Enquirer: 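Handing you this structure, nothing more for now.
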Protein chains: 2
Amino acid sequence: MEDFIHQNRVYYSPVEFAMAYIGGTWKIPVILALSDGPLRYGDLKNAIPHITDKMLNTQLRDLEKKQMVTRTIYREKPPRVEYALTERGIKALPAISALAHLGDVLITQESASIKKLKRED
Amino acid sequence: MEDFIHQNRVYYSPVEFAMAYIGGTWKIPVILALSDGPLRYGDLKNAIPHITDKMLNTQLRDLEKKQMVTRTIYREKPPRVEYALTERGIKALPAISALAHLGDVLITQESASIKKLKRED
DNA sequence: CGGTATCCCAGATGATACTG
DNA sequence: CAGTATCATCTGGGATACCG
């Protein structure tokens, strides 16, 4: 495996490169929330528990730059802003599913030491 | 999706839980290096470019605690320490492959703005 | 050979408040 | 409704040195 540089950052492997696109606490929840179709900012925020405006904005801008998500403004009254997955974003879904499956397996194996929480919405 | 707690940490999704097992810069390179069979510390270090002793140690201890990797001491002359994937570690390989595939796709798409590096070993 | 122990920083994330 | 701005904090990982 060769090292490579993209936008001033060094990567050591394809996995590391993939993680730049879907890594971090919030990118995957955002992508999953959009996997059933476009959503408005407010709906997105409601769909993702715990996320703050700052993190939602940061991640949406970042996902736009990475061409995983599009932002479309509809000039209505009141105006509407919709976010949707790009084809590239859709291509990330299988990897995310594989991670979710692994997570489920691990959760099952560790179930004895996991405590479930009621969410306070 | 319900929140849950494991070893004093809150998780919001199975994906996040999976990332606790294979996330970070070095866990995946370590797991991949062991995917063809057990290796000694020194071989592992040679197999993973750029990794420092500190990070290799930290990650190996962590992977042991998470039961992804076993550490076996052979009392020979000189003594030998071997690391190997557990069954749980092997179960992580498909998710890692999916990420590697996604990374390859993204690298191809971005190839115009990627500069390959010769590695200075 | 196969590790440990400190110290430290940058960047990711959180809290809180404000805006057109 | 759809964001921005500011400040505080937390943590992964690097540098460096030492140990049985």
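No experiment lies behind these values; they were computed from the predicted model shown. Residue numbering restarts at 1 for every chain, and letters A, B, ... go by the order of the sequence lines. All values below were derived from every heavy atom in this structure, side-chain atoms included, with hydrogens, water molecules and symmetry-related copies excluded.
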Enquirer: Please round to 10 degrees the angle between the axis of the first five pairs and the axis of the last five pairs in the helix from dC1(C)-dG20(D) to dG20(C)-dC1(D).
Expert: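 Helix axis angle between the two ends: 50°.
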Enquirer: Any chance you could measure Ser111(A), atom OG, to Leu106(A), atom CG, to the nearest 0.5 Å?
Expert: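 Spacing of OG (Ser111(A)) from CG (Leu106(A)) equals 11.5 Å.
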Enquirer: Would you say that Leu44(A) contacts Ile51(A) through its side chain, given a criterion of any heavy-atom pair below 4.5 Å between the two side chains?
Expert: no
Enquirer: Whole Å only: how far is the CG atom of Asp62(A) from the C1' atom of dG3(D)?
Expert: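 To the nearest whole Å, that distance equals 17 Å.
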Enquirer: What is the distance, to the nearest angstrom, from the CD atom on Glu82(A) to the C1' atom on dC1(D)?
Expert: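 Value for this atom pair: 14 Å.
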Enquirer: What is the distance, to the nearest angstrom, from the CD1 atom on Ile48(A) to the P atom on dG3(D)?
Expert: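 So the two atoms are 13 Å apart, to the nearest Å.
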Enquirer: Please confirm whether the shortest side-chain N or O distance from Arg71(B) to OP1 or OP2 of dG2(C) is below 4.0 Å.
Expert: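 No, Arg71(B) has no side-chain N/O under 4.0 Å of OP1/OP2 on dG2(C).
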Enquirer: To check you understand the geometry: which heavy-atom pair defines the closest contact between Leu99(B) and Ala95(A), and what is its length?
Expert: CD2-CB, 4.1 Å
Enquirer: Counting N and O atoms only, with roles assigned by atom type, does the side chain of Asn46(B) sit under 3.5 Å from a partner on the main chain of Gly42(B), one being a donor and the other an acceptor?
Expert: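 Present.
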Enquirer: Mind checking whether Tyr41(B) and Tyr83(B) have parallel, tilted or perpendicular rings, split at 30° and 60°?
Expert: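 Rings of Tyr41(B) and Tyr83(B): tilted, 30 to 60°.
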Enquirer: Round to the nearest Å and state the distance from Asn8(B) atom CG to dT11(D) atom P.
Expert: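 Nearest whole value for this atom pair: 12 Å.
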Enquirer: Take Glu82(A) and Tyr74(A), measure what side chain to side chain contact (heavy atoms under 4.5 Å, CB included) needs, and give me the verdict at the end.
Expert: CA-CA 8 Å; Glu82(A) 268 194 2; Tyr74(A) 295 91; 3.8 Å; yes
Enquirer: Would you give the length of the straight line joining atom CD1 of Ile107(B) to atom CD1 of Ile114(B), rounded to the nearest 0.5 angstrom?
Expert: 5.5 Å
Enquirer: Where along residues 32-44 of chain A does a heavy atom come under 4.0 Å from DNA chain C, residue by residue in number order?
Expert: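 The stretch gives none, as no residue of it lies under 4.0 Å from the strand.
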Enquirer: Check whether any side-chain N or O of Thr86(A) sits under 3.5 Å from a backbone N or O of Gln67(A) as a donor-acceptor pair, and report yes or no.
Expert: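 At least one qualifying donor-acceptor pair exists.
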Enquirer: Does dG2(C) have its OP1 or OP2 closer than 4.0 Å to a side-chain nitrogen or oxygen of Arg80(B)?
Expert: no
Enquirer: Would you call the rings of Phe17(B) and His6(B) parallel, tilted or perpendicular, taking 30° and 60° as the class edges?
Expert: perpendicular
Enquirer: Using a cut-off of under 3.5 Å, enumerate the N/O to N/O pairs linking the protein to nucleotides 11-14 of chain C.
Expert:
| residue | atom | partner | partner atom | Å |
| --- | --- | --- | --- | --- |
| dT13(C) | OP1 | Thr25(A) | N | 3.1 |
| dT13(C) | OP1 | Thr25(A) | OG1 | 3.3 |
| dG14(C) | OP2 | Trp26(A) | NE1 | 2.9 |
| dG14(C) | O6 | Lys54(A) | NZ | 2.3 |

Enquirer: From CG of Asn57(A) over to P of dG3(D), roughly how many Å is that when rounded to an integer?
Expert: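 Whole-Å distance recorded here is 6 Å.
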Enquirer: If you look at every strand shown and take non-hydrogen atoms under 4.0 Å, does Arg61(A) touch a base, only sugar-phosphate, or nothing?
Expert: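 Touches sugar-phosphate only.
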Enquirer: CG of Leu56(A) versus P of dA15(C): gap in Å, rounded?
Expert: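 After rounding, the reported distance stands at 15 Å.
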Enquirer: Between the side chains of Lys66(B) and Glu64(B), is the shortest nitrogen-to-carboxylate-oxygen separation below 4.0 Å, so that they form an ion pair?
Expert: no
Enquirer: About how many Å separate CD of Gln59(A) and OG1 of Thr25(A), when rounded to the nearest 0.5 Å?
Expert: 8.0 Å
Enquirer: In terms of ring plane angle, is the pair Tyr12(B) and His50(A) parallel, tilted or perpendicular, where the classes change at 30° and 60°?
Expert: parallel
Enquirer: May I have the distance from Ile51(A) (atom CD1) to dA2(D) (atom P), rounded to whole angstrom?
Expert: 15 Å
Enquirer: To the nearest Å, how far apart are Arg75(A) CZ and dC1(D) P?
Expert: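 After rounding, the reported distance stands at 18 Å.
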Enquirer: Please state whether the phosphate of dG3(C), meaning OP1 or OP2, lies under 4.0 angstrom from any side-chain nitrogen or oxygen of Tyr83(B).
Expert: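 Tyr83(B) to dG3(C) OP1/OP2: side-chain N or O found under 4.0 Å.
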